[in-house]
Amino acid sequence: MAAVLPDEIRNSIIVGIHEASSERANDQLRELRERGIQKQVPDLRAALKDTRDLPRVPAGVPELPDLLQILASAKENGKLEIPSGIPGVVGATVKLVAQTSLVVASHF
């Protein structure tokens, strides 16, 4: 589906998915460290680092906005301001859905 969308929106979707998976890998690495078992699972640790460290694709795409921060600001100011426009909101929404899906999937 993303392939037929305009470049800005397609790139935002790609970045949203990448950021969600990268943050999830960071969370899992942190959990391994906190449990003190990172040395017992070197292959898993390496795979998580590889996922986390994938280059940002495509290069040059701006940071995605924080949807919760945008909504809190809108509530406070009575005005919805989206700094990165529709592509940013699409990417941030994709990121939020991907994050939620990864958390839910981790419970199964």
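- The CZ atom of Arg52 sits 10.5 Å away from the NE2 atom of His18 when rounded to the nearest 0.5 Å.
- Screening residues 39-51 for side-chain hydrogen bond (donor to acceptor under 3.5 Å, both in side chains) gives no qualifying pairs among residues at least two apart or on separate chains.
- Taken from OG in Ser12 to CD1 in Ile17, the straight-line distance is 11.0 Å, to the nearest 0.5 Å.
- Side-chain contact check for Arg10 versus Asp7: some heavy-atom pair is nearer than 4.5 Å.
- When hydrophobic clusters are built by joining Ile, Leu, Val, Met, Phe, Trp and Tyr residues whose side-chain heavy atoms come closer than 4.5 Å, directly or via intermediates, Leu5 is grouped together with Val94.
- Screening residues 21-30 for salt bridge (charged side-chain N to carboxylate O under 4.0 Å, His left out), with sequence neighbours left out, gives Glu23-Lys95, Asp27-Arg30.
- For Leu32, the side chain to side chain contact (heavy atoms under 4.5 Å, CB included) criterion is met by Ile37, Gln38, Val41, Leu44, Leu48, not counting sequence neighbours.
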